[in-house]
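The first residue in the sequence is number 1, and the count goes up from there. Keep in mind that the numbers below use all heavy atoms, side chains included, and drop hydrogens, waters and symmetry copies.
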Amino acid sequence: MTAVLSALVSVVPALNSQAEALPARPAPLGSPELRASAAAVAAGERVEVVEERSERETVFANPDGATFTLEKSIAPVRVVRQGKWVEPDPTLVRNTDGSVGPVAAAVDLSFSGGGDGAGLVTIAEGTQSVSLGWPGALPAPRLDGEHAVYEDVLPDVNLILTATVEGFRQVLEVETPEAAANPALKRLSTASVRRG
């Protein structure tokens with residue numbers, strides 16, 4: 001029998017896009033908007049205004065030559081990686097410093113590569129960061145897609161960290177009734193949070 005206890009759930013909204021027509025706006029000569037609008041008229045189909053691109057928004061010049069369409073998503077549809085826009089990918093890989101992190105995410109996220117439990121998770125955006133620890137040593141994780149599995153952090157208890165594009169989730173997998181009765185499970189807390 002396997003039970004899963006949920007802990008520290010990062011709120012990540014489901015992907016939901018919406019499009020809205022933007023009113024016509026005058027564009028300066030030679031502007032990205034004017035170039036995209038001319039290209040849309042010539043092609044007979046909408047053309048992206050690449051300079052307006054963000055993690056969650058895409059602007060298109062419509063082929064009527066006068067209007068634009070803004071598509072917005074509540075979750076990132078692209079992220080910056082090494083100075084370029086790429087598709088988000090939470091698949092975990094081992095970093096050169098020994099930590100584990102997603103291929104491409106909207107935040108800087110790293111999981112422990114094993115060892116001291118103090119640096120279990122670090123998540124940062126801009127100049128702000130938060131670190132979470134684990135009360136004890138950690139084995140090297142087994143990577144499975146976006147999951148980092150730390151096996152037997154307590155007898156018959158696995159710690160599973162899951163990377164997302166904007167954060168992470170953490171669960172404890174309890175494999176036996178005896179493991180579920182372990183008083184150490186009740187003592188686990190998030191008291192080891194450190195804010196940067």
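- At a threshold of 4.5 Å between side-chain heavy atoms, the hydrophobic network of Ile, Leu, Val, Met, Phe, Trp and Tyr places Val130 and Trp134 in one connected group.
- Summarising the geometry, atom CD belonging to Gln170 is positioned 10.5 Å from atom CD1 belonging to Ile160; distances are rounded to the nearest 0.5 Å.
- Among residues two or more places apart in sequence or in another chain, the side chain to side chain donor-acceptor pair (under 3.5 Å) test is passed with Arg94 by none.
- Taking all atoms of both residues into account, the shortest heavy-atom contact from Ala148 to Pro141 is CB-CB, 4.0 Å.
- Annotation for Val80: hydrophobic cluster partners, listed by chain and number, are Trp85 (ILVMFWY side-chain heavy atoms under 4.5 Å, direct or chained).
- The environment of CD in Glu57 is crowded: more than 12 heavy-atom neighbours from other residues, nucleotides or ligands sit within 6.0 Å.
- Put simply, Val174 and Leu154 are part of the same group of oily side chains (I, L, V, M, F, W, Y) that touch within less than 4.5 Å, one to the next.
- Distance check: Asn62 CG to Phe68 CZ gives 8.0 Å after rounding to the nearest 0.5 Å.
- Under the 4.5 angstrom side-chain criterion for Ile, Leu, Val, Met, Phe, Trp and Tyr, the cluster partners of Val103 are Val93.
- A distance of 12.0 Å separates CG of Leu120 from OG of Ser99, quoted to the nearest 0.5 Å.
- Side-chain atoms of Glu175 and Val157, non-hydrogen and from C-beta on, never get closer than 4.5 Å to each other.
- Taking all atoms of both residues into account, the shortest heavy-atom contact from Pro63 to Gly44 is CB-C, 3.7 Å.
- Taking 4.5 Å as the limit, some side-chain heavy atom of Leu70 sits within range of a side-chain heavy atom of Lys72.
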Report the C-alpha separation of Phe168 and Leu109 in whole Å, then their side-chain angles, then the decisive distance to 0.1 Å, and conclude whether the side chain to side chain contact (heavy atoms under 4.5 Å, CB included) test is met.
-> CA-CA 8 Å; Phe168 71 97; Leu109 175 66; 4.1 Å; yes

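- The distance from atom CG of Asp144 to atom CG of Leu92, rounded to the nearest 0.5 Å, is 9.5 Å.
- At least one side-chain heavy atom of Arg46 sits less than 4.5 Å from a side-chain heavy atom of Thr69.
- Separation of atoms CD (Glu166) and CD1 (Ile74) is listed at 8.5 Å; rounding is to 0.5 Å.
- Here the CG atom belonging to Asn158 is positioned 12.5 Å from the OH atom belonging to Tyr150, to the nearest 0.5 angstrom.
- The pair Glu71-Arg56 fails the salt-bridge criterion, with no side-chain N (NZ, NE, NH1 or NH2) lying under 4.0 Å from an Asp/Glu carboxylate O.
- In terms of modelled atom types and a separation under 3.5 Å, the side chain of Thr162 and the main chain of Glu146 share no donor-acceptor contact.
- Using a 4.5 Å heavy-atom cutoff, the side chains of Val153 and Pro139 are in contact.
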Start with the C-alpha distance between Arg78 and Ser54, add both sets of side-chain angles, then the distance that settles side chain to side chain donor-acceptor pair (under 3.5 Å), and finish with yes or no.
-> CA-CA 8 Å; Arg78 64 183 69 85; Ser54 73; 5.5 Å; no

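- Residue Leu34 is not grouped with residue Val47 when hydrophobic side chains (ILVMFWY) are merged at heavy-atom distances under 4.5 angstrom, including chains of intermediate members.
- With sequence neighbours left out, Asn182 forms a side chain to side chain donor-acceptor pair (under 3.5 Å) with no residue at all.
- Qualifying side chain to side chain donor-acceptor pair (under 3.5 Å) partners for Glu151, counting only residues two or more places apart in sequence or in other chains: Arg142.
- A donor-acceptor pair under 3.5 Å is absent between the side-chain atoms of Asp116 and the main chain of Gly119, judged by distance alone.
- Counting heavy atoms from C-beta on, the side chains of Glu33 and Glu51 never come closer than 4.5 Å.
- Across all non-hydrogen atoms, the minimal contact from Gly101 to Asn95 is N-ND2, 3.5 Å.
- The two residues Thr122 and Ser131 have their closest heavy-atom pair at OG1-OG, 3.0 Å.
- Under the side chain to side chain donor-acceptor pair (under 3.5 Å) criterion, Arg53 pairs with Glu48, sequence neighbours left out.
- Both Val107 and Leu132 belong to a single network of hydrophobic side chains, linked directly or stepwise wherever heavy atoms of I, L, V, M, F, W or Y lie under 4.5 Å apart.
- Here the closest heavy-atom approach between residue Ser112 and residue Val100 is recorded as O-CG2, 4.1 Å.
- There is a path of hydrophobic side-chain contacts, each under 4.5 Å, that joins Val121 to Leu143.
- Heavy atoms only, all atoms of each residue included: Ala104 and Val86 are closest at CB-CG2, 3.8 Å.
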